[in-house]
Protein chains: 2
Amino acid sequence: MENPPEKTPAAWEGTPSWLLTQTAHHAHRLVADGFSSVRARGYHYRLLATLEESGPASQAELGRRSGIHVSDMVATVNELSDRRLVERALDPSDRRRNIVSLTAAGRRQLRVLEERLARTQEELLAPLAPEERQVLTGLLARLLEHHDRRSGASGEARS
Amino acid sequence: MENPPEKTPAAWEGTPSWLLTQTAHHAHRLVADGFSSVRARGYHYRLLATLEESGPASQAELGRRSGIHVSDMVATVNELSDRRLVERALDPSDRRRNIVSLTAAGRRQLRVLEERLARTQEELLAPLAPEERQVLTGLLARLLEHHDRRSGASGEARS
DNA sequence: ACGAACCGTTGGTGACTCCAATGATTGTGC
DNA sequence: GCACAATCATTGGAGTCACCAACGGTTCGT
């Protein structure tokens, strides 16, 4: 051709939304890669971590706590209970519910995932100085809180 | 129940990767919402913008320029050409290729999408002061560049 | 006891990304 | 010139994350 020399950096590449989503894509890939080496994915970690933090609960309750949609919770619990990382037991006091709880193996798996996750954070923020990392997380946290409030506003378990 | 009072903020909620992906999720939703009101999605905008910036090209070439996977390019071009926003013509000099080009309607649509996108950026960054916005985009850009280099390293059409 | 609300489950949608395989076409090496 | 390699468009699939509608079973409020 006769017009390719132009190295146009693409209009959208400077937009905050692009920077955010692309960086997040890298972050997600790093996390997923770290998890996949132990046959896990994001939902697995979130569920295990939620279970350890707030204890056994019904799937609906866990969904509220972890932000995982109830219908996705089914598959997640299935996958984890197939590998004996969580246990699904009937609630004798309410036969609608399954009470999901962490097994010893699940707790061990969680430790592994936490370690993987921590290493990923390092990798993700590698090019930034400690100070800059704080600035970044601070700004992101503010953005996140702002948008969480106006839409969804999840994370309310309190009565 | 009898044990919900604990308001555990969840371990992962402070991790940079969580903040990033969640904020990006909001960003993506805002952008998608803005686009969907004119029946468009991210790929449509990216393709239209790429076409305007670097001119008509084959689908493979457009894929390289826009970062859209070739197999997704097919569907994207289909959708846009169905609505006469782009044109798919056979390349007389190479019968393997389709030469995709922008129509007048496509250019108009691009103007609309750009306007939507710009408004979305405002919405996204609403809680941040102008100075903070610059800091954020700067940090994100550095992260993105870093990770773009080590993986993929796409965006190289020049020799 | 009846209806409302809740629970788990199934099955589907959508966006974005990526991969493998295929047939047609072009270019290259010999 | 011809066989082989490379390129192009296309199809079909996968995987992650998120969300929705509907179902039957269960419990709760009235």
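In what follows, chains carry the letters A, B, and so on, assigned in the order in which the sequence lines appear, proteins first and then strands, with residues in each chain numbered from 1.
Distances shown here put every side-chain N or O of A:Arg29 at or beyond 4.0 Å from the OP1 or OP2 atom of C:dC16. Distances shorter than 4.0 Å separate none of the side-chain N or O atoms of A:Arg97 from OP1 or OP2 on C:dT9. For the OP1/OP2 pair of C:dC16 and a distance below 4.0 Å, the side-chain nitrogens and oxygens of B:Arg41 include at least one atom meeting the criterion. The side chain of A:Arg88 contributes no N or O atom lying less than 4.0 Å from OP1 or OP2 of C:dC7. Between B:Arg95 and D:dT7 there is no side-chain polar atom (N or O) within less than 4.0 angstrom of OP1 or OP2. The phosphate of C:dC7 has neither OP1 nor OP2 within less than 4.0 Å of any side-chain N or O from A:Gln59. For the OP1/OP2 pair of C:dC16 and a distance below 4.0 Å, the side-chain nitrogens and oxygens of A:Gln22 include no atom meeting the criterion.
In this structure, A:Arg133 pairs ionically with A:Glu122, as a charged nitrogen and a carboxylate oxygen lie closer than 4.0 Å. For A:Arg142 and B:Glu132, the salt-bridge test passes: some basic side-chain N is under 4.0 Å from an acidic carboxylate O. Look at B:Arg149 and B:Glu145 and you find a salt bridge, because one of the NZ, NE, NH1 or NH2 atoms lies within 4.0 Å of a carboxylate O, short of that distance. In summary, B:Arg111 and B:Glu52 engage in a salt bridge, as defined by a charged side-chain N under 4.0 Å from a carboxylate O.
Distances were taken from every side-chain heavy atom of B:His69 (C-beta onward) to each of C:dC19, D:dA9, C:dT9; the shortest belongs to C:dC19. You'll find that the side chain of B:Val70 is closest to D:dT10, out of D:dT10, D:dC8, D:dT16. In the set C:dT9, C:dT26, D:dA9, D:dA9 carries the atom at the smallest distance from any side-chain atom of B:Val74.
One atom, NE2 of B:His28, and another, P of C:dA15, lie 9 Å apart when rounded to the nearest Å. The distance from atom NE2 of A:His25 to atom P of D:dA18 is 14 Å, rounded to the nearest whole Å. Atom pair A:Ile99:CD1 and C:dC7:P shows a separation of 12 Å (rounding to whole Å applied). Between the CG atom of A:Leu80 and the P atom of C:dG8 there is a distance of 16 Å, given to the nearest Å. What separates CE of B:Met73 from C1' of D:dG12 is a distance of 18 Å, to the nearest Å. Rounded to whole angstrom, the span from the NE2 atom of B:His44 across to the C1' atom of C:dA15 amounts to 11 Å. Put simply, CG on A:Asn78 is 7 Å from P on C:dT9, counting in whole angstrom units. Straight-line distance from the CG atom of A:Leu62 to the P atom of C:dC6: 17 Å, rounded to whole Å.
The one candidate from B:His26, B:Gln121, B:His28 that meets the side-chain hydrogen bond (donor to acceptor under 3.5 Å, both in side chains) condition with A:Ser17 is B:Gln121.
Side-chain to base pairing of B:Arg96 with D:dT7: one donor and one acceptor N or O lie within less than 3.5 Å of each other. Counting distance only, with no hydrogens placed and no angle test, the side-chain atoms of A:Ser71 and the base atoms of D:dC20 include a donor-acceptor pair under 3.5 Å.
Projected onto DNA chain D by closest heavy-atom contact, B:Asp72 and B:Ala57 fall at different nucleotides, the more 5' of which corresponds to B:Ala57. Between B:Asn98 and A:Ala40, the one whose closest nucleotide on DNA chain D sits nearer the 5' end is B:Asn98.
Rounded to 10 degrees, the angle separating the terminal helix axes of the helix from C:dA1-D:dT30 to C:dC30-D:dG1, each built from five base pairs, is 0°.
Partners of A:Gln109 according to the side-chain hydrogen bond (donor to acceptor under 3.5 Å, both in side chains) rule, which considers only residues two or more places apart in sequence or in another chain, do not exist here.
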Full working for salt bridge (charged side-chain N to carboxylate O under 4.0 Å, His left out) between B:Arg65 and B:Glu61: CA-CA 6 Å; B:Arg65 295 213 242 259; B:Glu61 178 61 25; 3.0 Å; yes

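Proximity of A:Arg107 to A:Leu51: side-chain heavy atoms (C-beta onward) are nowhere separated by under 4.5 Å.
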